[in-house]
Amino acid sequence: MQRRKSTRTKIAMPEASATARQWQPANKAAQGGMSVPYDIPLLFPVLLLVGIGVVMVYSASSAIALKKYGTDYYFLKKQAVFTLFGVLGLVICRRLPFQWYRFLAYPLLGLSVISLAAIWIPGLGVTAGGATRWLAVGNLTFQPVELVRVALVIYLAYSLAKKQERLQEFSIGFLPHMVVLGLLSMLIMKQPDFGSVIILGAITWLMLYVGGVRMVHLLSPLLALIPIAYLLMINAPYRVKRLMSFLNPWQYQSDEGYQVVHSLMAFGSGGIFGAGVGKGYQKLFYLPEPHTDFIFSVIGEELGMVGVLIILLLYGVLLWRGVIIARNCDDPFGQLVASGITIAIGLQVVVNMAVSLGLLPTKGLTLPFLSYGGTSLLINMATIGILMNIGASRVQN
């Protein structure tokens, strides 16, 4: 994604009263044409990915659901409900003017901090797999880090747009954003969730780059992060094991390399056209979390290389539309929000797929729109709605 100098030099920053301005669909013809309420090139791949996700969640989870809950439809029913709420979230966010999120930047950031801290309140936090990453409210569970990702994007967009004339200054353009990232990272590391910290750090770095922060400021802290990352690694033996299993998973196939080995076996057995939906073997109590973290592996086994290429094409179209929307937006805040949303989704896709293919150390990260999970699906679809609103709106001066 190219840096647009216009975000800091040529485009005037709208004042707080901008919400009083009229917002019209960009493709509505003042020329006399009809407005298109939804960005079809963006909506189509999203809905197709969600539809494929519902089918593959059922295929990947039916055996597990039958054993644990007595019905193979357990996860399918929940994912169908999540999908309905996700579509509703997309529609609502598509209708809300994106400028409104200016006023939600700090409230959302504060809510993120509160939700991360609330995990440690007895009776609210849910521990699974040795990590406490979920909040439980009645029968509902919520993963705060999904909200944190969106809140960070909106905060960074608001802050960078507001400070665009002084982004070259270290104390204005760089330091405050690192402080916010550091606070969120400390709370997330307590769960612990080192992978999400890496993702949030990458989102922040890329958004600062797109926003116009000086490269010397962006590069200098990377040297300091090397010893910090080393200390975090050696103080957590399981991370060292993950790194070693990443370098040679077959040597550790009975413990730390187990997930990657069975994931690679799933892709290998899929061939060109796959075994067929529902006919995969690795999901049958061999591949851990086949309906969440490793659903891409199930797709590789059951739909083969053809299915994998279709999924890559759909994500490619989605991300391409995100880049186009960001480039064409005349408002600095909207441009940065669109960039941040595209970056966040793209990073999740790349990291999840790379982990499944053994190209990155194992990290529990869902595949957007495909993996089982209500928080992830709802928030990702809501961000697509925001992206559509940015693409369809322009300031009437």
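The basis for the numbers below is simple: all heavy atoms, side chains too, and nothing from hydrogens, waters or symmetry mates.
To the nearest 0.5 angstrom, L377 atom CG is 5.0 Å from T83 atom OG1. Here the NZ atom belonging to K162 is positioned 11.5 Å from the CZ atom belonging to F333, to the nearest 0.5 angstrom. In this structure, the separation between CD1 on I198 and CG on L347 is 11.5 Å, given to the nearest 0.5 Å. From I343, atom CD1 reaches atom CD1 of I199 across 12.0 Å, with rounding to the nearest 0.5 Å.
When all heavy atoms are compared, the tightest approach of F98 to G334 is CE1-CA, 3.4 Å. Taking each heavy atom of V337 and A157 in turn, the nearest pair found is CG2-CB, 3.4 Å.
D72 has no carboxylate O lying under 4.0 Å from a charged side-chain N of K67, or vice versa, which leaves the two without a salt bridge.
I324 and I40 are assigned to two separate hydrophobic clusters, defined by single-linkage of ILVMFWY side chains at heavy-atom distances under 4.5 Å. L378 and V349 are members of different hydrophobic clusters when ILVMFWY side chains are connected at heavy-atom separations under 4.5 Å. Linking ILVMFWY side-chain heavy atoms closer than 4.5 Å, directly or via other members, places M189 and L147 in a single hydrophobic cluster. Note: the hydrophobic cluster containing V317 does not contain V323 (ILVMFWY, side chain heavy atoms under 4.5 Å, direct or indirect links).
For Q143, there are no side chain to side chain donor-acceptor pair (under 3.5 Å) partners two or more places apart in sequence or in a different chain. Contacts of E289 classified as salt bridge (charged side-chain N to carboxylate O under 4.0 Å, His left out), with partners at least two apart in sequence or in another chain: none. Partners of V350 according to the side-chain contact (heavy atoms from CB on, under 4.5 Å) rule, which considers only residues two or more places apart in sequence or in another chain, do not exist here. With sequence neighbours left out, the side-chain contact (heavy atoms from CB on, under 4.5 Å) criterion links S61 to V57, F75, H291. Under the rule for a side chain to side chain donor-acceptor pair (under 3.5 Å), T141 has no partner lying at least two apart in sequence or in another chain. With sequence neighbours excluded, the residues forming a side-chain contact (heavy atoms from CB on, under 4.5 Å) with P288 are Y258, Q259, listed by chain and number. Applying the side-chain contact (heavy atoms from CB on, under 4.5 Å) test to A63 and every residue at least two apart in sequence or in another chain returns L284, F285. For the side chain to side chain donor-acceptor pair (under 3.5 Å) test, no residue two or more places apart in sequence or in another chain qualifies with R95.
Between the side chains of T204 and H177, no donor N or O sits under 3.5 Å from an acceptor N or O. Donor-acceptor pairing under 3.5 Å is lacking for the side chains of T366 and T292. Side-chain polar atoms of S297 and S263 form a donor-acceptor pair below 3.5 angstrom.
Taking the six-membered ring for Trp and the full ring otherwise, the centers of Y158 and Y101 sit at least 6.0 Å from each other.
Crowding of F142 atom CZ: a count of heavy atoms from other residues, nucleotides or ligands under 6.0 Å exceeding 12. Within 6.0 Å of CD1 on I272 lie no more than 12 heavy atoms contributed by other residues, nucleotides or ligands.
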Validation: residues 105-126 side-chain donor-acceptor distances under 3.5 Å, sequence neighbours left out:
unit_1	atom_1	unit_2	atom_2	d
S112	OG	L108	O	2.8
S115	OG	L111	O	3.2
S115	OG	S112	O	2.8

Let me check something: any side-chain donor-acceptor pairs from residues 302-314 under 3.5 Å, sequence neighbours excluded? List them with distances.
unit_1	atom_1	unit_2	atom_2	d
E302	OE1	S59	OG	2.6
E302	OE1	G278	N	2.9
E302	OE2	S59	OG	3.1
E302	OE2	G280	N	3.0
E302	OE2	K283	NZ	2.7

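For residues 304-321, the set of pairs meeting the side chain to side chain donor-acceptor pair (under 3.5 Å) definition, not counting sequence neighbours, comprises D39-R321.
Other members of the cluster containing V54 are Y58, Y73, L76, with ILVMFWY side chains joined at under 4.5 Å, either directly or via other members.
Using the six-membered ring where Trp is involved, F174 and H217 have ring planes that are tilted, between 30° and 60° apart.
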